Amino acid sequence: MNDIHGLAVHAAGAQLLPYKYDAGELKPNEVEIKISHCGVCHSDVHLIDNDWGVSKYPFIPGHEIIGTVIAMGSDVRDRTVGQRVGVGWQADSCGICEWCLQGDEHLCAQSQPTCVGRNGGFAEKVRVNSRFAIPVPDALDSENASPLLCGGITVYSPLRNHGVRPSSRVGVIGIGGLGHMGIQFARAFGAEVTAFSTTKDKEDEARQLGAHHFVNTRDTGALKKVAGGFDFLLSTVSADQDWASYINALRPKGTLCIVGVPPSGIQLQAFPLISGQRAVSGSPTGSPRDLHEMLNVAARHKVKAITERFAMSKANDAVARVKKNQVRYRAVLAN
Ligand code: NAP
Ligand code: ZN
């Protein structure tokens, strides 16, 4: 038996309970990782609650993993035992489709998420295809870096792919796990950065993280005041928003990019898009290539998550704080 112990959820919205599964033989392309840290992403909470209808119980959540390679399958040549690696949302892909072959494995139709139909990182160990175990630069501390593996790449990729540059005016909507890293990366791209938040007392920290401006979205009329002000808006919020006002906050040719998952989708009027040649887009996490690049950028520009550390056994407390929007700014479980 190759038992792996962790904390699993057995039904929608239930508490995490001690759990073990037989991981079987190590596959030729897999590495086994001894987990030191795992961030608690809001997507874990959506999966625990089955908000997206894709959860398969029981399962171990967790997809912001850092640990050490302790075993390698017979075909693995690109990692070494003892190497520190990180794993994000994706654990495997087909490796042979158009998207995998051009380095966009995150767009593969056979993509395997780390904790959907598999068991993730709220555990002592995890196994993934070695291509998805990304070496972590020495300059990064494991606790502060683990949230980069999902939250960090999810905000880094759209900034990069939409060509954000020093002349760009960027707004980050929702200053939680993703948003607080989004401010730092947008600043690293050289942009003028505005934080949009429902939490007034995040203003000082948002400015310390690099925001030039702060908009309290609970203030009536706040969004009207910034109409026509942004080249790129990145929404990390998992709640319904006043999308029309955010579209109006875009400059001509501006883009609103959605990475948070609002429950009712996004309602749009055509004219503000047509007349200002504006766009709305979405963005998933990112490929292994982008993860390598993002971790190196984080190391060079000192981008890191502000964390609240919990012992792995206290994962239920961490999840409860995420649900109440109390975490500043990412809960990380430590073994
Ligand atoms: P989080 O840490 O809980 O942060 C979300 C932030 O949204 C909160 O801190 C809060 O910021 C704001 N917010 C919460 N409730 C709100 C409300 N009712 N109205 C307006 N703002 C509200 O969550 P996260 O881990 O950053 O994840 C955010 C979302 O991104 C989730 O839906 C998650 O599933 C999704 N996600 C997507 C991808 C992807 O691939 N696209 C990857 C990872 C995560 P303020 O206090 O500043 O208002
Ligand atoms: Zn995530």
Side-chain angles (χ1 to χ4, degrees), residues 38-52 54-55 61-65 86-91 106-107 111 113-116 120-122 146-159 161 171-183 194-206 209 211 214-219 222-223 234-243 245-246 257-266 281-287 290-291 294 305-308 318-332:
C38 186
V40 182
C41 176
H42 209 115
S43 298
D44 291 312
V45 177
H46 291 306
L47 290 174
I48 289 170
D49 291 347
N50 201 18
D51 288 340
W52 301 335
V54 298
S55 307
H63 58 273
E64 289 185 340
I65 300 166
V87 176
W89 177 255
Q90 197 177 9
H106 60 301
L107 302 177
S111 170
T114 303
C115 57
V116 182
F122 296 3
S146 60
L148 293 168
L149 273 304
C150 175
I153 189 68
T154 301
V155 294
Y156 177 83
S157 293
L159 294 167
N161 295 336
V172 179
I173 306 167
I175 310 307
L178 268 58
H180 91 291
M181 292 184 274
I183 293 173
T194 300
F196 290 85
S197 176
T198 60
T199 310
K200 202 169 58 191
D201 62 13
K202 287 182 181 173
E203 175 163 0
D204 286 349
E205 282 162 335
L209 290 165
F214 184 88
V215 175
N216 177 355
T217 51
R218 292 249 192 261
D219 283 349
L223 290 183
L234 184 62
S235 175
T236 74
V237 174
S238 53
D240 294 323
Q241 301 291 294
D242 178 1
W243 300 114
S245 293
Y246 281 118
C257 181
I258 308 293
V259 295
V261 187
S264 318
I266 300 158
S281 76
S283 186
T285 52
S287 65
D290 290 350
L291 280 159
M294 179 274 305
I306 299 175
T307 56
E308 289 184 11
V319 168
R321 275 181 70 75
V322 176
K323 283 189 172 180
K324 288 188 261 179
N325 191 24
Q326 286 174 334
V327 177
R328 298 286 179 94
Y329 284 85
R330 190 54 124 201
V332 174

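These numbers were taken from a predicted model, which means no experiment stands behind them. Each ligand, and each atom within it, is numbered from 1 in the order the structure gives. Nothing fancy with the numbering, it's 1 onward along the sequence.
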Closer than 3.5 angstrom, by distance alone: can the side chain of Glu64 be matched with the main-chain N or O of Leu148 as a donor-acceptor pair?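 Not at all, since once roles are kept as given, no pair shorter than 3.5 Å links the two residues.
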Has the side chain of Thr217 got a donor or acceptor atom that lies under 3.5 Å from a matching backbone atom of Ser197?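 Yes, the answer is positive, given that a donor and an acceptor are paired below the 3.5 Å cut-off.
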His42 meets the ring-ring contact (aromatic ring centres under 6.0 Å, His included) criterion, sequence neighbours left out, with His46
Sequence neighbours left out, what passes ring-ring contact (aromatic ring centres under 6.0 Å, His included) with Tyr329? Give chain and number order.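 So Tyr329 forms a ring-ring contact (aromatic ring centres under 6.0 Å, His included) with His180.
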Tell me which residues fall inside the under-4.0 Å heavy-atom shell around ligand 1. Cys41, His42, Ser43, His46, Trp52, Cys150, Thr154, Gly174, Ile175, Gly176, Gly177, Leu178, Ser197, Thr198, Thr199, Lys202, Thr236, Val237, Ser238, Ala239, Gln241, Val259, Gly260, Val261, Ser283, Pro284, Thr285, Asn325, Arg330
To the nearest 0.5 angstrom, please state how far the [atom1] atom of [X] sits from the [atom2] atom of [Y].
X      : Y      : atom1 : atom2 : answer
Asp219 : Lys200 : CG    : NZ    : 8.0 Å
Asp49  : Asp44  : CG    : CG    : 11.0 Å
His63  : Thr285 : NE2   : OG1   : 8.5 Å
Arg328 : Ile175 : CZ    : CD1   : 11.0 Å
Ile65  : Trp89  : CD1   : CH2   : 11.5 Å

Distance filter under 2.8 Å, centred on the Zn ion (ligand 2) - protein N, O or S atoms that pass it: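 Protein N/O/S atoms under 2.8 Å of the Zn ion (ligand 2): Cys41 SG, His63 NE2, Cys150 SG.
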